[in-house]
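Let me begin by presenting the structure, written as structure tokens, before commenting on it.
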Amino acid sequence: MEMTTVVGANGWVRFDDYGIVAAGPDRASRPPDAFVDDLGDEVVLLPGFVDLQVNGVGAVDFATAADEHAIAAALDDLTRHGTTACLPTIVTAPLDAYDEMIDRIRRARDLPDANQRCAILGVHLEGPFLGGAPGAHPKDLLRTVELDWLERLLDRHGDLVRMITLAPEADPGFAAIRMLAERGIVVALGHSSCSYDEAIAAADAGAQVVTHLFNGMRPMHHRDAGLAEAALVDPRLTPTLIADLHHVRAPSLQLALNAKERVALVSDAVAPGAGTSGGLEVVEHDGAVYLADGTLAGSVITLADAVRNVLSLGIDAERVSALASGNACALLDDHSRGELTPGRRADVVAIDPARGPGTPGGSVVGVWVGGVEGAR
């Protein structure tokens, strides 16, 4: 039987205490011990969502959380919304603050009950080596790469740091990009005013991702291409997208998804209840988060919301599965997640495609983490 990343209506999945044992497309092939018999005939099963960029949840900013238990509570909330793995993201901060922030996330990852909630696959450092499009990052903390500091940080935390967003113009000669790529860390380009040629040169050096396409970069221009154009045409670069319909409106979202097959959805969620992000005051209104001067500072969505928005554009569930998990897992070289196939982790999200008052298409109706029911 050919396995896919999605099990549609009337499909089934069977798993043991950890992994997927079998899956099938219809009732006729379903064994007695398949699960989700009680969820109804119309549910669609997807691999658990994987978020490469989430700064916080509710009142818990991952960078400034009180302790590992606060982070765990935020991860529980993500689990309830179908995100079964993530990279907690730390925005630009003073160089002497990173050890404590990363250690706090490490302690949350290592809690005894961590396998019951959204998994910490590593840390994403967004900054401080950013460039000409800082967005909501504290401008006084931005700097060009300090390679010695970065190498020392990775010597201490290289098992946890999985992704770093930097600007090409902040890494003259691309020494940091090459070093990071050699260490197996995913290099993302972002918050940059670089030219198209500079972006391509950064990809030559080992960059693989463009962080939150269209945001934190100069606008597309038909006679003066930049990072956005590179993200859409270079097959080595995977753009991430904040599909909250605030950071990227529906026409531009559709344009990006039509232009590039390999895209990864991210929430870029911040914790408005914490009152600050990156040390700057933030306020939530109209479905997004802003600095006092009106700068868009982050989202308040989960990947479940992003999935609903993408489904509303007519994107099919198979593609949505890749956008919400499969492409992220490929970037992280994680072969344990991202597909509903035998041998993968039993991280599963059940969504209801029905549309109607109070039941938006793609509503999460069940979540399983490592084969254990997490939220219903």
Side-chain angles (χ1 to χ4, degrees), residues 51-64 86-93 124-142 165-167 170 188-194 209-221 226-229 231-232 239-257 263-310 312-313:
D51 196 344
L52 296 174
Q53 185 174 4
V54 53
N55 310 281
V57 181
V60 180
D61 183 325
F62 290 136
T64 61
C86 72
L87 297 185
T89 301
I90 297 173
V91 299
T92 297
H124 175 180
L125 303 182
E126 187 187 10
F129 308 123
L130 304 180
H137 288 252
K139 297 177 181 60
D140 59 323
L141 297 179
L142 301 184
T165 294
L166 54 76
L189 308 176
H191 290 283
S192 171
S193 57
C194 73
V209 175
V210 171
T211 291
H212 45 51
L213 180 63
F214 303 130
N215 294 277
M217 61 196 68
R218 66 192 196 187
M220 294 176 66
H221 192 287
L227 182 55
E229 288 89 342
L232 293 174
T240 67
L241 274 172
I242 308 168
D244 64 348
L245 305 182
H246 293 278
H247 284 77
V248 183
R249 298 289 184 178
S252 296
L253 187 59
Q254 187 79 61
L255 172 67
L257 295 176
V263 174
L265 298 178
V266 295
S267 69
D268 195 23
V270 299
T276 62
S277 178
L280 301 177
E281 292 187 7
V282 295
V283 61
E284 178 186 357
H285 64 85
D286 297 330
V289 177
Y290 300 83
L291 300 183
D293 65 3
T295 300
L296 193 57
S299 88
V300 292
I301 66 168
T302 64
L303 283 189
D305 300 310
V307 163
R308 284 195 293 273
N309 289 335
V310 171
S312 73
L313 299 178

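Closest of all the heavy-atom pairs between A231 and L213 is CB-CD1, 3.8 Å. Of all the heavy atoms in A93 and P128, the pair that sits closest is O-CB, 4.2 Å. The two atoms that bring P272 and V289 nearest to each other are CB-CG2, 4.1 Å, heavy atoms only. Here the shortest heavy-atom pairing between A188 and T211 reads CB-OG1, 3.2 Å. Of all the heavy atoms in A297 and V282, the pair that sits closest is CB-CG1, 4.1 Å. The nearest pair of heavy atoms linking D244 to S299 is OD2-CB, 3.6 Å.
Listed by chain and number, the residues in a ring pair (Phe, Tyr, Trp, His ring centres under 6.0 Å) with H285 are Y290 (sequence neighbours excluded). The side chain to side chain donor-acceptor pair (under 3.5 Å) search around D286 returns none, not counting sequence neighbours. Residues passing the side chain to side chain contact (heavy atoms under 4.5 Å, CB included) test with D61, sequence neighbours excluded: A63, T64, A271, A274. Residues that satisfy the side chain to side chain contact (heavy atoms under 4.5 Å, CB included) test with A59, not counting sequence neighbours, are absent from this structure. Applying the salt bridge (Lys or Arg N to Asp or Glu O under 4.0 Å) rule to R249 yields no partners; only residues at least two apart in sequence or on another chain are considered. With sequence neighbours excluded, the residues that form a side chain to side chain donor-acceptor pair (under 3.5 Å) with Q254 are N258. In this view, H124 satisfies the ring pair (Phe, Tyr, Trp, His ring centres under 6.0 Å) rule with no residue, not counting sequence neighbours. In this structure, the side chain to side chain contact (heavy atoms under 4.5 Å, CB included) partners of P134, at least two apart in sequence or on a different chain, are K139, L142. For the side chain to side chain contact (heavy atoms under 4.5 Å, CB included) test, residues two or more places apart in sequence or in another chain that qualify with V248 are F214, N215, L241, S252, L253. Remark: T240 pairs with no residue by the side chain to side chain donor-acceptor pair (under 3.5 Å) rule, at least two apart or across chains. Checked against side chain to side chain donor-acceptor pair (under 3.5 Å), T89 has no partners two or more places apart in sequence or in another chain.
For D305 and T302, the side-chain atoms include at least one donor-acceptor pair closer than 3.5 Å.
Between the OG1 atom of T295 and the CG atom of D293 there is a distance of 3.5 Å, given to the nearest 0.5 Å. Atom CZ of R218 is separated from atom SG of C194 by 7.0 Å, given to the nearest 0.5 angstrom. A distance of 8.0 Å separates CG in L265 from CD1 in I301, rounded to the nearest 0.5 Å. Of the inter-residue distances, the one linking L313 atom CG with R308 atom CZ reads 13.5 Å to the nearest 0.5 angstrom. Distance check: L130 CG to T165 OG1 gives 7.5 Å after rounding to the nearest 0.5 Å. Between the CG atom of L125 and the CG atom of L87 there is a distance of 10.0 Å, given to the nearest 0.5 Å.
With hydrogens and angles disregarded, no donor-acceptor distance shorter than 3.5 Å links the side chain of E284 to the backbone of G273.
With H212 as the partner, the ring pair (Phe, Tyr, Trp, His ring centres under 6.0 Å) test is satisfied by one option alone out of H246, H247, H191: H191.
For the side chain to side chain donor-acceptor pair (under 3.5 Å) condition, the pairs that include at least one residue of residues 264-277, sequence neighbours left out, are D51-S267, Q53-D268, N55-D268.
With contacts defined as side-chain heavy-atom distances shorter than 4.5 Å, the pair V54/V266 does not qualify.
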